[in-house]
Amino acid sequence: MSQDIILPPIVLTLAGADPTGGAGIQADILTLASMGCHPLSVITAITVQDTRGVQGFMVIDDEWVLDQARAVLEDMPVAAFKVGMIGSIDNVVAIAELVADYPDIPLIYDPVLASGAGDELAREDMIHVLRDMLLPQVTVLTPNSIEARRLAANDADDEEELSVADCARRLTRLGCDYVFITGTHEPTRDVENRLYDLGGEIRVDTWPRLNGSFHGSGCTLAAAIAGLVARGLAVPEAVKEAQDYTWQALRHGFRPGMGQYIPDRLFWANDDAGDDDSDKEQDANV
């Protein structure tokens, strides 16, 4: 084999395993592959779930998480990290220590605090550790507005609900280079997604709401940003292109079970992908 073959960008994703293939590490792998990247995967938790919700999960021991990650990091050149569901305080500490050893590798973090169906996946004590140890190392944080408020909240001071801009201000001050807050849960006609850095709002992108309740849209979006950053795009451009990719994946989404729809991350390869969303029930989007 020729030694001159150019490697695809390699992205290491750390996330929980989803047996439906809709979210978690399976969603990351599909998305990163469709971005032209080679995905490496470290499993942080094993879940019992279907398209209707999460019935349970088992967190992987932090030493196993570190061993999985270090084995591949010492073997292959990684261009970006993508972190999803972490599962425990011990794993937050382990991942924070891991990425601190690679400060030049961009870190895209999708703070999975609950499932798409609303199942709780992170307690408040874990959120405090996230704020202290992991967020200061994040290149791009990708919460929806509910997650942003949980991460930014200070119970002693917050008597009213924080605005999206206030959340972004607090989160960038914690050390995130960029905070990209999606507006699916906000009471707007279209979905408004906003990118911030320490200086304030950089861009706002507006997308028509799609019919349907989707499983794995946040994972898809964050993984797409990671893949595009790994390919050399600047963060604002990566964020814009990742939104378009995710919106198209949702538009072509399918409902394989009795619950939520799953984004079609390979929509561009499916010649017979349908556009009929008439039987979908709820509003959702990027």
Side-chain angles (χ1 to χ4, degrees), residues 12-18 23-25 28 42-49 53-70 81-101 103 107-164 166-182 185 196 216 218-219 222:
L12 173 57
T13 174
L14 302 96
D18 176 5
I25 214 151
D28 293 347
V42 169
I43 296 175
T44 59
I46 299 171
T47 66
V48 177
Q49 63 179 298
V54 177
Q55 287 79 53
F57 64 91
M58 181 178 71
V59 178
I60 302 299
D61 180 82
D62 59 308
E63 291 296 330
W64 275 83
V65 171
L66 281 176
D67 287 348
Q68 290 178 79
R70 293 202 185 281
F81 291 118
K82 187 270 178 181
V83 175
M85 178 185 176
I86 295 176
S88 70
I89 291 175
D90 286 345
N91 279 350
V92 174
V93 174
I95 292 170
E97 292 176 351
L98 175 77
V99 298
D101 291 338
L107 168 60
I108 289 74
Y109 175 39
D110 174 28
V112 180
L113 308 181
S115 74
D119 307 289
E120 188 74 14
L121 300 175
R123 299 185 314 184
E124 292 305 313
D125 54 351
M126 181 174 148
I127 290 174
H128 287 301
V129 180
L130 282 170
R131 288 163 53 93
D132 291 340
M133 297 194 66
L134 190 60
L135 295 193
Q137 302 187 69
V138 168
T139 307
V140 187
L141 181 69
T142 65
N144 59 41
S145 56
I146 295 173
E147 293 164 337
R149 289 186 175 102
R150 285 191 68 187
L151 289 170
N154 182 341
D155 294 338
D157 300 330
D158 298 331
E159 296 181 358
E160 298 181 359
E161 184 174 80
L162 292 171
S163 70
V164 167
D166 286 337
C167 291
R169 188 177 304 110
R170 291 187 182 188
L171 294 169
T172 54
R173 287 176 179 172
L174 287 174
C176 301
D177 292 337
Y178 295 91
V179 175
F180 179 54
I181 302 178
T182 56
H185 301 285
Y196 300 85
C219 305

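All of these numbers come straight from a predicted model, not from anything done at the bench.
- Not counting sequence neighbours, the partners of Asp166 by the side chain to side chain donor-acceptor pair (under 3.5 Å) test are Ser163, Arg169.
- What you find for Cys167 and Ala152 is that their closest heavy atoms are CA-CB, 3.8 Å.
- Under the rule for a side chain to side chain donor-acceptor pair (under 3.5 Å), Asn91 has no partner lying at least two apart in sequence or in another chain.
- Qualifying side chain to side chain contact (heavy atoms under 4.5 Å, CB included) partners for Asp177, counting only residues two or more places apart in sequence or in other chains: Thr139.
- Under the 4.5 Å side-chain criterion, counting only non-hydrogen atoms from C-beta, Leu113 is not in contact with Ile146.
- Closest approach of Ala23 and Gly216 over heavy atoms only: CB-CA, 3.7 Å.
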Query raised in the report: Yes or no on side-chain contact (heavy atoms from CB on, under 4.5 Å) for Leu171 and Tyr196, after CA distance, side-chain angles and deciding distance?
Result: CA-CA 10 Å; Leu171 294 169; Tyr196 300 85; over 6 Å; no

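- Here the straight-line distance linking atom NE2 of His128 with atom CG of Asp132 works out to 8.5 Å at 0.5 Å rounding.
- A pairwise comparison of heavy atoms in Ala69 and Leu12 identifies CB-CD2, 4.4 Å as the closest pair.
- With Leu134 as reference, Leu107 is the one residue of Val129, Val93, Leu107 to meet the side chain to side chain contact (heavy atoms under 4.5 Å, CB included) rule.
- Residues forming a side chain to side chain donor-acceptor pair (under 3.5 Å) with Arg131 (at least two apart in sequence, or on another chain): none.
- Closest approach of Val112 and Met85 over heavy atoms only: CG2-N, 3.7 Å.
- Annotation: salt bridge (Lys or Arg N to Asp or Glu O under 4.0 Å) contacts involving residues 82-97, sequence neighbours excluded, comprise Asp28-Lys82.
- In this structure, the side chains of Pro111 and Leu151 come closer than 4.5 Å at one or more pairs of heavy atoms.
- Between the CG atom of Leu14 and the CD1 atom of Ile60 there is a distance of 12.0 Å, given to the nearest 0.5 Å.
- Shortest non-hydrogen contact noted between Ile89 and Met126 is CG1-CA, 3.7 Å.
- The heavy-atom pair separating Ile181 from Ala148 by the smallest distance is CD1-CB, 3.9 Å.
- We find the CG-CG distance between Asp62 and Leu98 to be 12.0 Å, quoted to the nearest 0.5 Å.
- When side chains are defined from C-beta on, Ile25 does not count as touching Asp18, because their heavy atoms never get closer than 4.5 Å.
- Partners of Thr172 under the side chain to side chain donor-acceptor pair (under 3.5 Å) rule, at least two apart in sequence or in another chain, do not exist in this structure.
- No donor-acceptor pair under 3.5 Å is formed between the side chain of Thr142 and the backbone N or O of Phe180.
- Ile86 places none of its side-chain heavy atoms less than 4.5 Å from the side chain of Thr44.
- For the pair Tyr109 and Leu135, the minimum side-chain heavy-atom distance is below 4.5 Å.
- Under the 4.5 Å side-chain criterion, counting only non-hydrogen atoms from C-beta, Thr47 is not in contact with Met58.
- Distance check: Ser145 OG to Leu162 CG gives 11.5 Å after rounding to the nearest 0.5 Å.
- Looking at Val42 and Ile95, their side chains never come closer than 4.5 Å, going by heavy atoms from C-beta outward.
- Listed by chain and residue number, Arg70 satisfy the side chain to side chain contact (heavy atoms under 4.5 Å, CB included) test with Asp101 (two or more places apart in sequence, or in another chain).
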